[in-house]
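One structure is given below, encoded as structure tokens.
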Amino acid sequence: MGQAAGAAGTPPLPAPPELLGAPGYVIRRLHQAYVAAWVRRVDPVLTGPQSAVLVAIHAYPGVDQGSLARAVSLDRSTMASVARRLEDRGLITRETPPEDGRKRLLRLTTAGEAARREVSRKAGELHLLLMEGYDAAETDAMLKRLLRLTEHWESLIDD
């Protein structure tokens, strides 16, 4: 993925140095590699955002959909689509509380809890593989730096 395919018989072109110095380009490559690894090693159907929603519902059973969207960094329309897909697959329930017909309270079904456990196990294995060569302190420090970078980039687009 990191190099452009060349014509038959020619070596692939390396990425131009200008791109290698662009944080967005490097992070897009990292994300593409992660998604490909997820599909191969964790689940080809359940996406990362769907998995995050299952994990968050497990942590906050009965939480409203809007609050959960913020907790997993999904916009409201994406969250609604993810929740609908998970409900269609029988992994969650969406209940409307009598006091507020606009809200949807989310809970895992038995199948959803089983899916969450399995995907969490496989994702944990993937994360160990992805961070191979880094000790626990290096991994923790890297994740903290990435989170700080994420929060900074998000602050540039917050209204």
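- When every heavy atom of Gly90 is checked against every heavy atom of Thr109, the shortest pair comes out as O-OG1, 2.6 Å.
- More than 12 heavy atoms of other residues, nucleotides or ligands sit less than 6.0 Å from atom CZ of Arg89.
- Between Met142 atom CE and Met131 atom CE the span is 4.0 Å, to the nearest 0.5 Å.
- Chaining together hydrophobic side chains whose heavy atoms lie under 4.5 Å apart places Leu46 alongside Tyr34, Trp38, Val42, Val53, Leu54, Ile57, Tyr60, Val63, Leu68, Val72, Leu74, Met79, Val82, Leu86, Leu91, Ile92, Leu106, Leu108, Val119, Leu126, Leu130.
- When atom types are taken as modelled, the side chain of Glu138 and the backbone of Asp135 share a donor-acceptor pair closer than 3.5 angstrom.
- Atom CZ of residue Arg76 and atom CZ of residue Arg70 lie 6.0 Å apart, to the nearest 0.5 angstrom.
- A donor-acceptor pair under 3.5 Å links the side-chain atoms of Ser155 to the main chain of His152, judged by distance alone.
- Looking only at distances, no side-chain donor or acceptor of Arg29 sits under 3.5 Å from a matching main-chain atom of Tyr25.
- In the hydrophobic clustering, Val45 connects to no other residue, as no ILVMFWY side-chain heavy atoms lie under 4.5 Å from its own.
- A salt bridge does not link Glu125 to Lys122: none of the charged nitrogens lies less than 4.0 Å from a carboxylate oxygen.
- Heavy atoms only, all atoms of each residue included: Asp75 and Ser77 are closest at OD1-OG, 2.8 Å.
- Here the straight-line distance linking atom CZ of Arg104 with atom CG of Asp64 works out to 11.0 Å at 0.5 Å rounding.
- The two atoms that bring Ala80 and Gln65 nearest to each other are CA-NE2, 3.3 Å, heavy atoms only.
- Using a cut-off of 4.0 Å between Lys/Arg side-chain N and Asp/Glu carboxylate O, Arg84 and Glu87 are scored as not salt-bridged.
- Annotation: the span from Arg28 atom CZ to His31 atom NE2 amounts to 11.0 Å, rounded to 0.5 Å.
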Start with the C-alpha distance between Arg148 and Glu151, add both sets of side-chain angles, then the distance that settles salt bridge (Lys or Arg N to Asp or Glu O under 4.0 Å), and finish with yes or no. CA-CA 5 Å; Arg148 195 170 71 235; Glu151 290 169 348; over 6 Å; no
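- There is a path of hydrophobic side-chain contacts, each under 4.5 Å, that joins Leu146 to Tyr134.
- Put simply, the side chain of His58 does not reach to within 4.5 Å of the side chain of Ser120, judged on heavy atoms.
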